[in-house]
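Below, chain A is the first sequence line, B the second, and so on; all start at residue 1. Excluded from the calculations below are hydrogen atoms, water molecules and symmetry mates; all remaining heavy atoms, backbone and side chain alike, are included.
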Amino acid sequence: MSDIIQPRVLKGFRDFLPQAEMEREALLEALTETFRRFGFVPIDTPVLEYAEILLGKAGGETEKQVYRFKDNGERDVAMRFDLTVPFARFMAEHAGELYLPFRRYHMAKVWRGENTQRGRYREFMQCDFDIVGVDTASADFDIMATIAQAMSALGVPGASIHVNHRGVFNRFLAKAGISGKSVEALRVVDKLAKIGAEETRRQLAELAGDTAADEVLEFIKGGDGFEATLERMTRIAGGSNPDSDRLAELFGMATACGLSGMLTLSPSITRGLDYYTGVVFETFLDEIPEIGSVCSGGRYNDLASLYTRQRLPGVGASVGIDRLIAAFEALGRSGKRGGYTRVLVANSDPTLCAEYQAAASALRAEGIACEVYPEAKKLVQQYAYAELKGAAFALIRGPEEKGRGAWLLRNLSERANAEYASVDAVIAVLQGA
RNA sequence: GUGGAUGUAGCUCAGCGGUAGAGUCCCAGAAUGUGGAUCUGGAUGUCGCGGGUUCGACACCCGUCAUCCACCCCA
């Protein structure tokens, strides 16, 4: 009696009920449409990989978070913790079967065994899109333009893309004489927006001394327009250089495309992952920036070098769909819908079921989503069900209506009925509605 | 991984060392087939889980699981 197993899911893992899943799928469809519009093609890779593949270049933090175990054949395997590393392996393995430049999108779940928080889970979905095979400003810009289009397609009212170039930052570090501490410095600087200038300075001073800390703060100040910030960064970093030129090119393209308004040059964002080598970007929602970046990425010119001698420069970004959903929820504007049914064919007489099914078939043939209520019940209850499913209409035919040779179409929100002589007449009305 | 808060009906939440409550929702009826008002009646809980203290624990103690927040890191 009491030996039933308690239904539950692991910490950080979730079920998706229809309403949540319909919302998620709607977002994925918007992204898919965007990616295709920019010429990206889809790929997929295995959930499980050899641990050495995934962890080849991983730092200590990643290593701690990855789900790793021995499979039944004693192989050392791990679950993918992002889509970029598997993609690098994919490119190295299939370079001969592909073409360059190659632009792909990949929307799939990834796993990280870290602690949970709002919008942060152990199983979550990433939507990656990358362009591999070239190292040009145009490719960098394509990624940014795709982000911009994606935000628009997702119905985000306002978003800003913060961009920076690691190369410029590294030049600056070299000039300031603290290149040896670049990884730590990048990490501290990355937190500027979160911990404030004071604390950032303190941590930098601890790391590299007071003089260097002041220089770094001056460098990462930002905030007075893209071109002015770029000019100052470049000057402090030692003058004109190819990396600054890349940023200027990007800004030029953004201006030409009317996107410069959502572009911010933020010398303080660097991205934690160490495989980025060039431009990096993060995307923040104007309404709720504190939730963090909902789409981040950058240029990585050495990633596939772990798996191949062929040089495969790439640039890409990843949309955090779960974080986006959390943001929409926090903003109270998550789309609520009950289902896809537009017409519920009410079942008021079991002997007329063949007619109900025939009517439903006719509606579907015209592209109208409908379902037949599967048992004869009180109409009140069927209306309530129709409402749950988000149906706009109920199609009713009981003995009375049949006697009159009529079909009753009820507008559920207006609670108004109209009679029609045939299903075709009903279809005509629905197509006009 | 560290620290803090929370966990009671489907949902939102009260509660107290002595037999588990409200609102909402749900069900039935008033209206014997046409749902938003009203009225009447009704149903529902391993009080997250497991131990301990106690005559008695939903309450106190310990552990555990989950959620939220902060740190860390990141999407």
> Between B:G10 atom P and A:Leu17 atom CG, what is the distance in whole Å?
15 Å

> For the pair A:Arg75 (side chain) and A:Tyr50 (backbone), establish whether a donor and an acceptor sit closer than 3.5 Å, ignoring hydrogens and angles.
no

> Taking the C1' atom in each of B:A22 and B:U44, what is the distance between them to the nearest angstrom?
15 Å

> Please state how far atom OH in A:Tyr385 lies from atom P in B:C27, giving the value in whole angstrom units.
15 Å

> Between A:Gln19 (CD) and B:C11 (P), how many Å, whole number?
15 Å

> If each of A:Phe13 and A:Tyr121 is mapped to the nucleotide of RNA chain B with the nearest heavy atom, which maps nearer the 5' terminus, i.e. the 5' end?
A:Phe13

> Starting from Watson-Crick (N1-N3 plus N6-O4 or O6-N4) and G-U wobble pairs under 3.5 Å, report the runs of at least three that RNA chain B belongs to.
B:1-7 with B:65-71, B:10-13 with B:21-24, B:26-30 with B:38-42, B:48-52 with B:60-64

> Pick base, sugar-phosphate or nothing for A:Gly119, based on heavy-atom distances below 4.0 Å to the nucleic acid.
base

> Measure the distance from CZ on A:Arg404 to C1' on B:G33 and round it to the nearest whole Å.
13 Å

> If I pick the P atom on B:A37 and the same atom on B:G15, what distance separates them, to the nearest angstrom?
31 Å

> Without decimals, in angstroms, what is the distance between A:Trp407 CH2 and B:U34 P?
20 Å

> For B:A75 and B:U6, measure between their C1' atoms and round to the nearest Å.
26 Å

> Phosphate oxygens OP1/OP2 of B:U67: is one of them under 4.0 Å from a side-chain N or O of A:Lys11?
yes

> Any sub-3.5 Å donor-acceptor pair from A:Glu401's side-chain atoms to A:Gly398's backbone N or O?
yes

> Please measure how far the C1' atom in B:G63 lies from the corresponding atom in B:U53, and state the result in whole Å.
15 Å

> For the pair A:Thr283 (side chain) and A:Cys295 (backbone), establish whether a donor and an acceptor sit closer than 3.5 Å, ignoring hydrogens and angles.
yes

> Please compare A:Gly398 and A:Arg8 by the position of their nearest nucleotide in RNA chain B and report the one closer to 5'.
A:Gly398

> Could you measure between the two C1' atoms, the one in B:C13 and the one in B:G45, and give it in whole Å?
15 Å

> Identify whether any heavy atom of A:Gly12 sits under 4.0 Å from a base atom; if not, whether one sits that close to sugar-phosphate; answer base, sugar-phosphate or nothing.
sugar-phosphate

> Sticking with atom P, work out how far B:G7 lies from B:A14, rounded to a whole angstrom.
8 Å

> Suppose you measure atom C1' in B:A57 against the same atom in B:U8; what distance do you get, rounded to whole Å?
14 Å

> Rounding to an integer number of Å, can you tell me how far A:Arg415 CZ sits from B:G35 P?
7 Å

> Side chain of A:Ile396 only, heavy atoms from C-beta on: which candidate in B:G35, B:G33, B:C73 is closest?
B:G33

> Would you check if A:Leu412 and A:Glu387 make a side-chain contact, meaning some heavy-atom pair closer than 4.5 Å?
no

> Please state whether the rings of A:Phe172 and A:Phe219 are parallel, tilted or perpendicular, taking 30° and 60° as the class boundaries.
parallel

> Without decimals, in angstroms, what is the distance between A:Arg120 CZ and B:A66 C1'?
18 Å

> At under 4.0 Å between heavy atoms, what does A:Gln117 touch on the DNA or RNA strands: base, sugar-phosphate, or nothing?
base

> Kindly assign one of parallel, tilted or perpendicular to the pair A:Phe35 and A:Tyr105, based on the angle between their ring planes and the thresholds 30° and 60°.
tilted

> A:Leu412 near the nucleic acid: base, sugar-phosphate alone, or nothing, with a heavy-atom cut-off under 4.0 Å?
base

> If we take the P atom in both B:C73 and B:C16, what is their distance in whole Å?
43 Å

> Would you kindly check if the NZ (Lys) or CZ (Arg) of A:Arg103 is within the cone defined by 45 degrees around the ring axis of A:Phe38 and under 6.0 Å from the six-membered ring centre?
no

> Ignoring hydrogens, what is the shortest heavy-atom contact between A:Ala327 and A:Ile288? Give both atom names and the distance.
CB-CG2, 4.0 Å

> Quick check against the 3.5 Å criterion: does A:Asn164 have a side-chain atom that pairs as donor or acceptor with the backbone of A:Pro267?
yes

> Rounded to the nearest angstrom, tell me the gap between atom CG in A:Leu10 and atom C1' in B:C49.
16 Å

> Base, sugar-phosphate, or nothing for A:Glu414, non-hydrogen atoms under 4.0 angstrom?
nothing

> With a 4.0 Å cutoff (strictly under), does any side-chain N or O of A:Arg118 reach OP1 or OP2 of B:C69?
yes

> Has the side chain of A:Arg323 got a donor or acceptor that lies under 3.5 Å from a partner of the other kind on the base of B:C74?
yes

> Looking only at side-chain atoms of A:Glu114, point me to the closest of B:G35, B:G1, B:C73.
B:C73

